[in-house]
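Okay, so here's the structure we're looking at.
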Amino acid sequence: MTILVCGGAGYIGSHTVAELLDKGHEVIVADNLETGHKAAVWPGAQLITGDLRDETFANRLFSARNIDAVIDFAAYSLVGESMNEPLKYYKNNVGGVINLLEAMKNNQVRYIVFSSTAAVYGEPDEIPILETAPTNPTNPYGETKLAVEKALKWAESAFGLRYAALRYFNVAGAHISGEIGEDHRPETHLIPNALKTQLHGGALKLFGDDYPTPDGTCVRDYIHVTDLADAHILALEKIRSSDKSDVYNLGNGSGFSNKQIIRRVEKVTGKPLRCDVAPRRPGDPASLVASSDKIIKELGWKPKYASLETIIETAWAWISSHPNGFPE
Ligand SMILES: NC(=O)c1ccc[n+]([C@@H]2O[C@H](COP(=O)([O-])OP(=O)(O)OC[C@H]3O[C@@H](n4cnc5c(N)ncnc54)[C@H](O)[C@@H]3O)[C@@H](O)[C@H]2O)c1
């Protein structure tokens with residue numbers, strides 16, 4: 001298949017491009033390189049630089065080539081920033097996807113896998129979270145992702161689009177080769193920040209130690225980026241073979257507290273980690289743990305790098321060999 005990967009120069013997109021190429025697909029990456037990196041695009045993929053907020057660019061992507069399906073990662077994803085600049089998030093995370101869907105419709109491309117998020121659930125009533133749980137986002141970022149999920153549903157009934165919306169929990173780790181990994185600027189995720197602190201010195205900010213959890217710190221569910229990449233390919237195969245759309249959670253089904261992560265980081269890096277406790281971040285739920293039973297049962301998804309040690313070890317291999325991230 002020829003697959004258009006929007007946001008394929010970003011963290012999760014670049015790992016998915018690597019897996020798609022490994023499976024023999026032809027891959028076209030569309031990215032504005034705003035948070036992504038040219039050097040993250042796996043050799044063999046064609047990079048087209050441009051912005052999905054530009055309708056003409058979105059249409060040109062399809063009119064110039066035969067695309068069979070789309071995987072869309074392109075979005076802003078900083079929760080805190082979305083609280084201060086909600087319209088920026090709506091313009092990109094909703095506006096960009098609407099242009100993409102219109103271009104797909106104009107060019108009879110019917111299949112899309114979309115990056116959604118655990119943030120669509122908000123503060124959950126029950127753990128682990130099932131796909132049927134209520135969706136009540138507590139920040140504009142989660143709202144924009146939920147708005148797209150709803151647009152996909154209406155596009156399905158109106159013009160036959162088929163989609164898989166994948167609601168990721170916390171994504172971490174790096175490609176097993178050590179060639180690509182996580183390089184967000186700024187980085188807001190715990191594992192890379194803890195590892196960077198080990199590499200460059202200083203103290204890690206631990207946001208809140210008074211949550212109603214066993215050790216007072218937030219509990220999260222971590223999934224390896226390559227396992228997540230594989231799930232996209234399975235989801236794409238499934239929507240094509242069944243001609244049906246669906247929504248799947250993607251996590252590991254077990255929660256680790258921030259303090260537990262810190263202990264594992266110390267174990268992998270072999271030295272103590274300095275931490276400063278900071279106030280809670282607004283909109284951070286105490287505990288987010290996925291039930292991924294649906295994708296395991298229905299699509300036969302089998303995570304290869306599920307252990308927390310492997311997730312942290314691969315992230316450490318990438319960060320310690322690329323102390324300044326990707327070259328610009
Ligand atoms: N990283 C996580 O833990 C996580 C968790 C849940 C959901 N997600 C979602 O997964 C997706 C990928 O996340 P990531 O961590 O790889 O982010 P990322 O910032 O590394 O990747 C996003 C990519 O999209 C590109 N992009 C953004 N807006 C664009 C536009 N208008 N036109 C063209 N390109 C554009 C960026 O340059 C970047 O390469 C996002 O949609 C994010 O919301 C991520």
Side-chain angles (χ1 to χ4, degrees), residues 4-18 28-41 45 47-58 61 70-79 81-82 88-100 103 112-121 137 139-149 165-175 180-193 220-229 231-232 248-252 288 290 311 315 325-326 328:
L4 174 69
V5 180
C6 299
Y11 170 47
I12 306 169
S14 60
H15 287 76
T16 305
V17 168
I28 296 155
V29 169
D31 202 297
N32 63 6
L33 300 178
E34 191 178 336
T35 59
H37 311 274
K38 204 171 180 177
V41 179
L47 170 65
I48 303 173
T49 309
D51 197 305
L52 291 168
R53 283 165 290 193
D54 172 358
E55 225 173 297
T56 315
F57 172 73
L61 285 170
V70 176
I71 306 184
D72 180 30
F73 298 96
Y76 292 136
S77 47
L78 298 174
V79 169
E81 184 184 60
S82 81
K88 172 179 169 180
Y89 275 67
Y90 275 89
K91 264 193 186 156
N92 197 27
N93 295 8
V94 182
V97 184
I98 300 303
N99 285 344
L100 182 62
I112 182 167
V113 179
F114 172 67
S115 291
S116 190
T117 169
V120 299
Y121 295 113
N139 52 63
Y141 165 64
E143 289 285 7
T144 61
K145 294 289 183 173
L146 189 57
V148 172
E149 284 196 19
L166 306 186
R167 295 174 175 166
Y168 320 155
F169 284 62
N170 283 45
V171 188
H175 196 265
I180 53 172
E182 190 166 9
D183 183 7
H184 294 117
R185 303 176 194 182
E187 186 56 79
T188 56
H189 296 148
L190 177 65
I191 291 177
N193 276 337
R220 294 288 180 271
D221 181 333
Y222 292 87
I223 174 174
H224 191 280
V225 63
T226 298
D227 286 334
L228 181 58
H232 286 75
Y248 299 96
N249 282 343
L250 274 154
N252 264 324
L288 283 178
I311 291 175
F326 287 107
E328 283 314 311

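Everything quoted here is computed from the prediction, not taken from an experiment. As the structure lists them, so they are numbered: ligands from 1, and atoms in each ligand from 1. Reckoned from all heavy atoms, side chains included, excluding hydrogens, waters and symmetry mates.
The CG atom of Leu250 lies 5.5 Å from the CG atom of Leu228; values are rounded to the nearest 0.5 Å.
Take His184 and apply the ring-ring contact (aromatic ring centres under 6.0 Å, His included) test, not counting sequence neighbours, and it matches Tyr11, His189.
Counting heavy-atom neighbours within 6.0 Å of Lys38 NZ, excluding the residue itself, gives a total of 12 or less.
Within 4.0 Å of ligand 1, protein heavy atoms belong to Gly7, Ala9, Gly10, Tyr11, Ile12, Asp31, Asn32, Leu33, Glu34, Thr35, Gly36, Gly50, Asp51, Leu52, Arg53, Phe73, Ala74, Ala75, Ser77, Asn92, Ser115, Ser116, Thr117, Tyr141, Lys145, Tyr168, Phe169, Val171, His184, His189, listed by chain and number.
When the options Val97, Leu61, Asn92, Asn32 are evaluated for a side chain to side chain contact (heavy atoms under 4.5 Å, CB included) with Leu52, the one that passes is Leu61.
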Go through the steps for Tyr141 and Ser77 under the test side-chain hydrogen bond (donor to acceptor under 3.5 Å, both in side chains), then give the verdict.
-> CA-CA 6 Å; Tyr141 165 64; Ser77 47; 4.9 Å; no

Take Glu81 and Tyr89 through the side-chain hydrogen bond (donor to acceptor under 3.5 Å, both in side chains) test and state the conclusion after the steps.
-> CA-CA 9 Å; Glu81 184 184 60; Tyr89 275 67; 2.5 Å; yes

